[in-house]
Amino acid sequence: MDAQRRQAVHRMLSYIQNHLDSEVTLLQIAHAGGYSPYHADRIFKEETGSSLFAYLRKSRLATAADILAKTDRTILDVALQFVFDSHEGFTRAFSKQFGMSPSAFRKALRTYHTYVDTQHTKEGTQDMQTVFVQVIQRPMRKVIVKYAQKATDYFTYCEEVGCAVWDVLASIPEALYEPIGMWMPPSLRKLGAGIYMQGVEVPMGYDKPVTDGFSLITLPPCSLMVFQGPPFEDAAFSGAIQDVWEVMEHYDPTLYGYRWADEDGPRFQLCPLGYRGYIEARPVRALEGKPQVASS
């Protein structure tokens, strides 16, 4: 993303955070970014993965969850503060995002930290960091990848094959999404290849020759549970990744009606960009007879 667009997204993020408890319009947020409403929403979604109003609602609910966890204020009072017009509407939105009602969330929080990662600061206080969770579907697709032999993560991958792979993948015009770093399960791993590789997803009809040293593979359809941490300072990317990993380690996907299904596809990470938070996805499979929480 060029500097001008990045600054615009930062301004819109700042405007949203400063107006969580106010009635705001798309035009107001767009003006903060310096774009028309159409272009503001488009570039915001391209760079954060959420539309402006979806992000606004997620942020309101995350802050409301923080208040519910820290105070004894009534649910209706918190709902009205964040521009929900009723207890019922707030409960529906909250349950969709967190997989449980506000009252159940408040009751469970003291012993269960799936949705809110509690970090201890140097002063000994607690800073609540909410991680957004949603389930997405990936159809069968092809992926242009660069294999390594021993890599287990981003750093060992770069040591083995260099750091220019990402730029090559990002330059492919037919790419469906941005490049990803993947941990490939044994069932989908090439013989002699390392666990970790980088690639970019392209349509099933892609039939162009690939750059020397790269390979074209096919991945089966799968469901993925996506975890998106809060924004962070770019220099603090390592801690932001660790925070999301801590949440994922203790996360119970059955609350969404799913189980982990690492054999169905690669676990993958997006480039850790501070303005949107760290994003990582892990394969899941729906539990039979269990209702699934709709994705955002």
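Note that the structure is predicted; figures quoted are calculated from it, not measured.
- For the 3.5 Å distance criterion, the side chains of Tyr278 and Glu280 qualify, holding a donor opposite an acceptor.
- At distances below 3.5 Å, at least one donor-acceptor pair connects side-chain atoms of Ser86 with backbone N or O atoms of Gly89.
- The main-chain N or O of Ala32 is found under 3.5 Å from a side-chain atom of Arg11 such that the two form a donor-acceptor pair.
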Tell me, with the steps shown, if Arg267 and Glu263 meet salt bridge (Lys or Arg N to Asp or Glu O under 4.0 Å).
CA-CA 10 Å; Arg267 177 171 174 169; Glu263 68 279 13; over 6 Å; no
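- The residue from His10, Gln7, Arg6, Glu47 that alone fulfils the side chain to side chain donor-acceptor pair (under 3.5 Å) condition with Tyr275 is Glu47.
- Qualifying ring pair (Phe, Tyr, Trp, His ring centres under 6.0 Å) partners for Phe232, counting only residues two or more places apart in sequence or in other chains: none.
- Ring-plane geometry between Phe132 and Tyr55 is classed as perpendicular, the angle between the planes exceeding 60 degrees on a 0 to 90 degree scale with a lower cut at 30.
- Of all heavy-atom pairs between Ser95 and Ser101, the closest is OG-CA, 3.4 Å.
- Counting Ile, Leu, Val, Met, Phe, Trp and Tyr side chains that sit under 4.5 Å apart, directly or through other members, Met204 shares a hydrophobic cluster with Met140.
- The closest side-chain heavy-atom distance from Pro253 to Trp260 is below 4.5 Å.
- Listed by chain and number, the residues in a side-chain contact (heavy atoms from CB on, under 4.5 Å) with Arg92 are Glu88 (sequence neighbours excluded).
- Applying the side-chain contact (heavy atoms from CB on, under 4.5 Å) rule to Gln4 yields the partners Asp2, Tyr35; only residues at least two apart in sequence or on another chain are considered.
- The backbone N or O of Leu20 sits less than 3.5 Å from a side-chain atom of Arg60, completing a donor-acceptor pair.
- Contacts of Phe84 classified as ring pair (Phe, Tyr, Trp, His ring centres under 6.0 Å), with partners at least two apart in sequence or in another chain: Phe90.
- Both the sub-6.0 Å distance and the 45° axial angle are not jointly satisfied by Lys142 relative to the ring of Tyr206.
- In this structure, Phe53 and Thr25 approach most closely via the heavy-atom pair CZ-C, 3.9 Å.
- Scanning for side chain to side chain donor-acceptor pair (under 3.5 Å) contacts around Glu178 gives Arg276, with sequence neighbours left out.
- Between Ile217 and Tyr147, the shortest heavy-atom contact is CG2-OH, 3.2 Å.
- By the 30° and 60° cut-offs, the orientation of the rings of Phe155 relative to Phe237 is tilted.
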